[in-house]
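Here the structure comes first, spelled out in structure tokens, and everything after it is commentary.
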2 protein chains.
Amino acid sequence: MDRQGDPNEQGFLGSHDHTHCKAEVALRVIQGRWKLLILRELIQAVRRFSDLHKALPGVSQKVLTAQLRELEADGVLSRTIHPEVPPRVDYALTDLGRELLPVLDGLHAWGERIGSPRTADRTITAPVAGSRPTA
Amino acid sequence: MDRQGDPNEQGFLGSHDHTHCKAEVALRVIQGRWKLLILRELIQAVRRFSDLHKALPGVSQKVLTAQLRELEADGVLSRTIHPEVPPRVDYALTDLGRELLPVLDGLHAWGERIGSPRTADRTITAPVAGSRPTA
DNA sequence: CTGAATCCGACGAGATACTG
DNA sequence: CAGTATCTCGTCGGATTCAG
């Protein structure tokens, strides 16, 4: 019974390419100090630049702009410019961005299982080790 | 029927804390030039340091060691030292590390939907914009 | 209001040499 | 074999200033 399709081809596990896999691509997209926070804001509603700036204490305009542009370039969110005299720009999740949410949720769920990193047990599981090949 | 628990508490979407959420914690763990590749190698089998070094062309010992140590500190993998004369160290996924795999798979699946970033359409969806609040 | 431009410090990661 | 120790460089993010 030869299954020439894909026995255990589940994506990440099945990609035995020695180079970068698609998971890295996805990772790069959400990579950034404020990307996750931005996405989380846009889940709730369409936001203006000033809304995001206020909702994300500590971010500078430069970085916020940069990360928004990257997310836009990656198709995660859309940028709508209202050509009014006081400029107004709306940011909203795209369909692709919405498809990312379940993944982020999985990430969040796993993150909860961590709790406090670098404070775990440290069980070395040391074997008896009696072999000494080269004396 | 009042559910005082959590109406739409789904983790990432439900965490409206203005600070960092658990998804960022998870993200930091898998953050690193070779972390994903390392994990992918360890899915298949327990690996020795030299195995990983050979399987990951381009990585230096320093960085490989560093990222392995971080993953170990985060409880994703275990480090087993065989006190033999030619030193031998085995790296293996922990249960926590294995629980991460489905998440990485989701990440990979989403990454496939990207394809070629920065080459998408660029539809600005410009509104008619007739309002001029401050003339 | 939204954003660009510049300067800066911190960190990640590569190259190389050395060690138990 | 499996690291450690330095050095360097590129990138990321923060602060500030200027502009449409």
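Naming convention: chains lettered A, B, ... in sequence-line order (proteins, then strands); numbering from 1 in each chain.
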Presence of [X] side-chain N/O under 4.0 Å of [N] phosphate oxygens OP1/OP2:
{"X": "A:R47", "N": "C:dC1", "answer": "no"}
{"X": "B:Y91", "N": "D:dG3", "answer": "yes"}
{"X": "A:R48", "N": "C:dC1", "answer": "no"}
{"X": "B:R79", "N": "D:dG3", "answer": "yes"}
{"X": "B:S50", "N": "D:dA2", "answer": "yes"}

[N] [atom2] sits how many Å from [X] [atom1], rounded?
{"X": "B:K62", "N": "C:dG14", "atom1": "NZ", "atom2": "C1'", "answer": "7 Å"}
{"X": "A:K35", "N": "D:dT11", "atom1": "NZ", "atom2": "C1'", "answer": "13 Å"}
{"X": "A:D90", "N": "C:dC1", "atom1": "CG", "atom2": "C1'", "answer": "12 Å"}
{"X": "A:R88", "N": "C:dG3", "atom1": "CZ", "atom2": "C1'", "answer": "17 Å"}
{"X": "B:L52", "N": "D:dA2", "atom1": "CG", "atom2": "P", "answer": "9 Å"}
{"X": "B:W34", "N": "C:dG14", "atom1": "CH2", "atom2": "P", "answer": "6 Å"}
{"X": "A:K54", "N": "C:dT2", "atom1": "NZ", "atom2": "P", "answer": "9 Å"}
{"X": "A:Q61", "N": "D:dA19", "atom1": "CD", "atom2": "C1'", "answer": "13 Å"}

Whether B:R88 side chain and B:R48 backbone form a donor-acceptor pair below 3.5 Å: no
How about [X] and [Y]: do any of their side-chain heavy atoms sit closer than 4.5 Å?
{"X": "B:R33", "Y": "A:E24", "value": "yes"}
{"X": "B:K22", "Y": "A:R113", "value": "no"}
{"X": "A:L52", "Y": "A:W34", "value": "no"}
{"X": "B:L42", "Y": "B:L71", "value": "no"}

Consider the side chain of [X], meaning its heavy atoms from C-beta on, and name the nucleotide among [options] that approaches it most closely.
{"X": "B:V89", "options": "D:dG13, C:dG3, D:dG3", "value": "D:dG3"}
{"X": "A:R33", "options": "C:dG3, D:dG13, C:dG20", "value": "D:dG13"}
{"X": "A:F49", "options": "D:dG13, D:dA2, C:dT2", "value": "C:dT2"}

Nearest-nucleotide comparison on DNA chain C, the residue closer to the 5′ end among B:G32 and A:L68: A:L68
